[in-house]
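Single-structure report; data block below.
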Number of protein chains: 2
Amino acid sequence: MPPNNIIDLHGLKQACSSCSLHDLCIPMGVSDQELEALERIINRRRPLHRGDYLYRPGDSMEALYAVRSGSVKTSALSDDGQEQVTGFHLPGELLGLDAISDGTHPCAARALETTSVCEIPFERLEELAGRIPGLQRQLFRIMSREIQSDEHLMTLLAKKSSDARLAAFLLSLSSRFGKRGFSRQEFNLTMSRNDISNYLGLAVETVSRLFTRFQENGLLAVDRKLVKILDMDRLHQVAGAQAVDEPRSGKKGG
Amino acid sequence: MPPNNIIDLHGLKQACSSCSLHDLCIPMGVSDQELEALERIINRRRPLHRGDYLYRPGDSMEALYAVRSGSVKTSALSDDGQEQVTGFHLPGELLGLDAISDGTHPCAARALETTSVCEIPFERLEELAGRIPGLQRQLFRIMSREIQSDEHLMTLLAKKSSDARLAAFLLSLSSRFGKRGFSRQEFNLTMSRNDISNYLGLAVETVSRLFTRFQENGLLAVDRKLVKILDMDRLHQVAGAQAVDEPRSGKKGG
DNA sequence: CGGCTGCTTGATTACGCTCAAGATTAGTGG
DNA sequence: CCACTAATCTTGAGCGTAATCAAGCAGCCG
């Protein structure tokens, strides 16, 4: 008989142990035996299509979600009702951590492309974490990392010029793609220019102009959604300092 | 004999059960019995003076800290070496959550005034959390709340005008002081204008001008560090929408 | 093929920054 | 307690970056 610790929905098996995201996702630092217990509580959700909501603000939080493939955007509504994109999530990343405190999702999560996720019922995860120290620790670590990266983004928004923001954004994507075994030089932006600008606290027009300028300056080759990083070093410089970009005309970046 | 679950350092007893911050701090949602176990691992630190570091970036993280009295500012160094203030922490708030993932503090924590903190050795806290479900849950909640409030700040930095930022900042302080039993209308800013401007992603001069304008418009009465909120409703309006402030000259807020 | 949405480009505006100087406060030592 | 210094804060003038407004272009859907 089929082992029922491997749930088989929609004709696809899933198992953390064989998952390529093992090193990035929850299982990291958990023994094989403990992994089985974790696998037993995880459900596989039907794949989401572009634009589908994984959850909406106000939805009660029953589970965390780990992205398996595809990508997801999370966004909050500010007091005055406008959207603020709070993050883009790649395979191996955990969604819904901000909902634990209230038991209700403060954010929306929407698929940017065809996306599949693992659903991890939170109560059972909590219970398991109490019994498996390595799992508890890993959850603390993941949440801590989230806080750290939020602080990083705060710094970006508070202190950096528009070109530094976009450069840092591209480098972050590059690095995350690299960790997942994809190219660090060339990748597809699954989100719209609008999403990017929203996330970075800029106007769409500014982001569009920046892509053009980065391309003119030989930092990137951009073809619609496809981005090729041509000069990683200079991109790092642009991301680090403020407007150290070097436009061909000699005038200071803007 | 004195119960040795109440540690007595520097002549001061401490006990979570009798602490006025009970409802805000870790103990919330933990039974009396479990509280004793928590109290046993918490150390009391000698009070910090204004400017003292609780920890510095790069310090290894051995403990979390709960503010008991006073206030603390946390700040990170961005790639290009400038300071970014990431938060101001009032009594009952937990510090050091961003250090769990690496075991190293990415931020500095500095006392803004004479401040006392509880030191909570993290390894022992983790171990305890594994045995006390309510404690584990409360820790997840606290970290989740931190993520949520970071997202809120991201929205502030990405979308709001300068006056909305300052208004939101003051309202946040007001609400937090209120929860601690202090006045919501009148309080002291323990941080410098520089710290505020840094935190809000503005120039010092802008913050200074905003205080002046808020006062001219009858929103606040400001006397150096002392702030009195005169019109809470309009301050909320300013914080919510962008530049809905109504300067006497009739020109739109800027 | 037509209508739509998303993206790009241009012109102009404005918000908040920078630079600069002066005022007030806090800190220090006689 | 007061004088002196240093730091913080306030105010003003001018500028620059990115937003806004406006139009045209390209890709994508039915």
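The chains referred to below are lettered A, B, ... by the order of the sequence lines, with proteins before strands, and numbering in each begins at 1. These numbers come from the heavy atoms of this one structure, side chains and all, not from hydrogens, waters or symmetry mates.
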(request) Go through the steps to decide whether B:Thr86 and B:Thr74 satisfy the test side chain to side chain donor-acceptor pair (under 3.5 Å), and finish with yes or no. (result) CA-CA 6 Å; B:Thr86 53; B:Thr74 48; 3.1 Å; yes
(request) For B:Leu157 and B:Met154, run side-chain contact (heavy atoms from CB on, under 4.5 Å): C-alpha distance rounded to whole Å, both residues' side-chain angles, the deciding distance at 0.1 Å, then the answer. (result) CA-CA 5 Å; B:Leu157 293 171; B:Met154 282 167 42; 5.9 Å; no
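Note: CG (A:Leu202) to P (C:dC7) measures 15 Å, nearest angstrom. If you take NZ of B:Lys160 and P of D:dA19, they are 17 Å apart, rounded to a whole angstrom. Distance, A:Glu216 CD to C:dT8 P: 12 Å, rounded to whole Å. Between the CG atom of B:Leu157 and the C1' atom of C:dC15 there is a distance of 16 Å, given to the nearest Å. Here D:dT17 presents its C1' atom at 10 Å from CZ of A:Arg213, a figure rounded to the nearest Å. One interatomic measurement links the two molecules: CG of A:Leu166 to P of C:dC7, which rounds to 13 Å at whole-angstrom precision.
Atom-to-atom distance recorded for A:Arg50:CZ and A:Thr114:OG1 is 9.5 Å, nearest 0.5 angstrom.
B:Thr104 places no side-chain N or O within donor-acceptor distance of the main-chain N or O of B:Gly58, the cut-off being under 3.5 Å. Checked by atom type and distance alone, the side chain of B:Arg213 never pairs as donor or acceptor with a backbone atom of B:Ser208 at under 3.5 Å. Using modelled atom types, no side-chain atom of A:Arg110 and backbone atom of A:Asp52 make a donor-acceptor pair closer than 3.5 Å.
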(request) Let me have a per-nucleotide readout for nucleotides 6-14 of chain D, 5' to 3', with B, S or -, counting only protein heavy atoms under 4.0 Å. (result) --SSBBBB-
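Using bins of under 30°, 30° to 60° and over 60° for the plane-to-plane angle, the ring pair B:Tyr55/B:His105 lands in the parallel bin.
Partners of A:Ser75 according to the side-chain contact (heavy atoms from CB on, under 4.5 Å) rule, which considers only residues two or more places apart in sequence or in another chain, are A:Lys73, A:Glu83, A:Val85, A:Ala108.
The overall bend of the helix from C:dT8-D:dA23 to C:dA21-D:dT10, read as the angle between its terminal helix axes built from five base pairs each, is 40° when rounded to 10 degrees.
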